[in-house]
Trainee: 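Please find one structure pasted underneath; my questions will follow.
When a residue number appears, it is its place in the shown sequence, counting from 1.
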Amino acid sequence: MKKLCIILAACLIAAAAQAKVFKDLNDAIEFSTATVNAFSDGDYEEAMNTLKPYALVSDSKIDAMIEQTKRQWPVITINYGHKLDTEQVRKESLGSHVIQLTYIVRYQYCPLLFKVMLYENDEGWYIAGFNFSDKVYEVF
């Protein structure tokens, strides 16, 4: 199957000035987990719209991700089956200000890999990236 990968990653000063911020890392992690769960349940449009205020990228990039996912989601539901569960399998740090959360979402036939990157500046934590892929072997 063609690579299912959508990446949001940027550190734009203008976007950061407009974005909402999480003061606590645990709140950012809880939000990320809820976003992955909603997205992987098929509520990707709502999940991505909820992500917008906290993301370091423009709304137009998130809208483009939503449109791309709309085209891909029917293939996912046919080839992967129904969702079974979600598990956070990694929490990696790059220094003390960049965290990457990795989730495995188990579907009936195959898993998908979701990653969320969090970035902390002097104001708090932002969502700096979000992607999903069928390349679960990259975790090993």
Trainee: Are side-chain heavy atoms of Val36 and Thr86 found at a separation under 4.5 Å?
Mentor: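 The answer is yes; the side chains approach within 4.5 Å.
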Trainee: So, the side chain of Asn37 versus the backbone of Ser40: is there a donor-acceptor pair under 3.5 Å, distance only?
Mentor: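 Not confirmed, Asn37 side chain does not pair with Ser40 backbone.
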Trainee: Might you point out which heavy atoms bring Val57 and Lys61 nearest each other, and give the distance in Å?
Mentor: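 That closest heavy-atom pairing would be CB-CD, 4.3 Å.
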Trainee: Would you compute the distance between atom CG of Asn79 and atom CD of Gln108 and round it to the nearest 0.5 angstrom?
Mentor: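 Here the rounded value is 12.0 Å.
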Trainee: For Asp27, what residues pass the salt bridge (charged side-chain N to carboxylate O under 4.0 Å, His left out) criterion, not counting sequence neighbours?
Mentor: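 So Asp27 forms no salt bridge (charged side-chain N to carboxylate O under 4.0 Å, His left out) with any residue.
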Trainee: Identify whether Tyr109 and Ile104 are in the same connected component of the hydrophobic contact network (ILVMFWY, side-chain heavy atoms under 4.5 Å).
Mentor: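 Not linked; separate clusters.
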Trainee: For Trp125 and Val21, which heavy atoms make the closest approach, and how far apart are they?
Mentor: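 Heavy atoms only, the tightest pair is N-CG2, 3.3 Å.
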Trainee: So which pairs with a foot in residues 71-88 pass salt bridge (charged side-chain N to carboxylate O under 4.0 Å, His left out), sequence neighbours left out?
Mentor: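 For residues 71-88, and leaving out neighbouring residues, the salt bridge (charged side-chain N to carboxylate O under 4.0 Å, His left out) pairs sorted by first residue read Asp41-Lys83, Asp85-Arg106.
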Trainee: Can you tell me how far the CZ atom of Phe31 sits from the CZ atom of Phe22, to the nearest 0.5 Å?
Mentor: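 One gets 4.5 Å once the value is rounded to the nearest 0.5 Å.
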Trainee: Give, for atom CD of Gln72 and atom OG1 of Thr77, the distance between the pair rounded to the nearest 0.5 Å.
Mentor: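 The CD atom of Gln72 sits 12.0 Å away from the OG1 atom of Thr77.
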Trainee: Among residues at least two apart in sequence or on other chains, which ones pass ring pair (Phe, Tyr, Trp, His ring centres under 6.0 Å) with Tyr107?
Mentor: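 Checked Tyr107 against ring pair (Phe, Tyr, Trp, His ring centres under 6.0 Å); zero matches.
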Trainee: Closest heavy-atom contact between Ile66 and Tyr44?
Mentor: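 Minimum heavy-atom separation between Ile66 and Tyr44: O-CE1, 4.2 Å.
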Trainee: Any chance you could measure Asn49, atom CG, to Asp63, atom CG, to the nearest 0.5 Å?
Mentor: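 Here the rounded value is 6.5 Å.
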Trainee: For the CD1 atom of Ile76 and the CG atom of Leu112, what is their distance to the nearest 0.5 Å?
Mentor: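 Nearest 0.5 Å value for the CD1-CG distance: 5.5 Å.
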Trainee: Using the test side-chain hydrogen bond (donor to acceptor under 3.5 Å, both in side chains), find all partners of Asp59 that sit at least two apart in sequence or belong to another chain.
Mentor: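 With neighbours one apart ignored, the set is empty.
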Trainee: If you look only at distance, which donor and acceptor atoms sit under 3.5 Å apart when one is on a side chain in residues 95-103 and the other is two or more places apart or in another chain?
Mentor:
{"unit_1": "His97", "atom_1": "ND1", "unit_2": "Glu120", "atom_2": "OE1", "d": "2.9"}
{"unit_1": "Gln100", "atom_1": "NE2", "unit_2": "Glu92", "atom_2": "OE1", "d": "3.3"}
{"unit_1": "Tyr103", "atom_1": "OH", "unit_2": "Thr33", "atom_2": "N", "d": "3.4"}
{"unit_1": "Tyr103", "atom_1": "OH", "unit_2": "Thr33", "atom_2": "OG1", "d": "2.7"}

Trainee: Going by the angle between their ring planes, with limits at 30° and 60°, are Trp73 and Phe39 parallel, tilted or perpendicular?
Mentor: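 Answer is perpendicular, since the angle exceeds 60°.
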Trainee: Indicate, with yes or no, if Leu84 and Tyr80 share a hydrophobic cluster defined by side-chain heavy-atom contacts under 4.5 Å among Ile, Leu, Val, Met, Phe, Trp and Tyr.
Mentor: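 Looking at the clustering, Leu84 is in a separate group from Tyr80.
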Trainee: Taking all non-hydrogen atoms of both residues into account, name the closest pair between Ala28 and Leu118 and its distance.
Mentor: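 So the minimum-distance heavy-atom pair works out to CB-CD1, 4.0 Å.
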Trainee: Taking only residues two or more places apart in sequence or in another chain, which ones pass salt bridge (charged side-chain N to carboxylate O under 4.0 Å, His left out) with Lys91?
Mentor: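 None.
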Trainee: Measure the OH-CG distance between Tyr119 and Leu56 for me, rounded to the nearest 0.5 Å.
Mentor: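 The distance works out to 8.5 Å.
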Trainee: For residues Met65 and Phe130, report the shortest heavy-atom separation together with the two atoms involved.
Mentor: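 Taking every non-hydrogen atom into account, CE-CD2, 3.2 Å.
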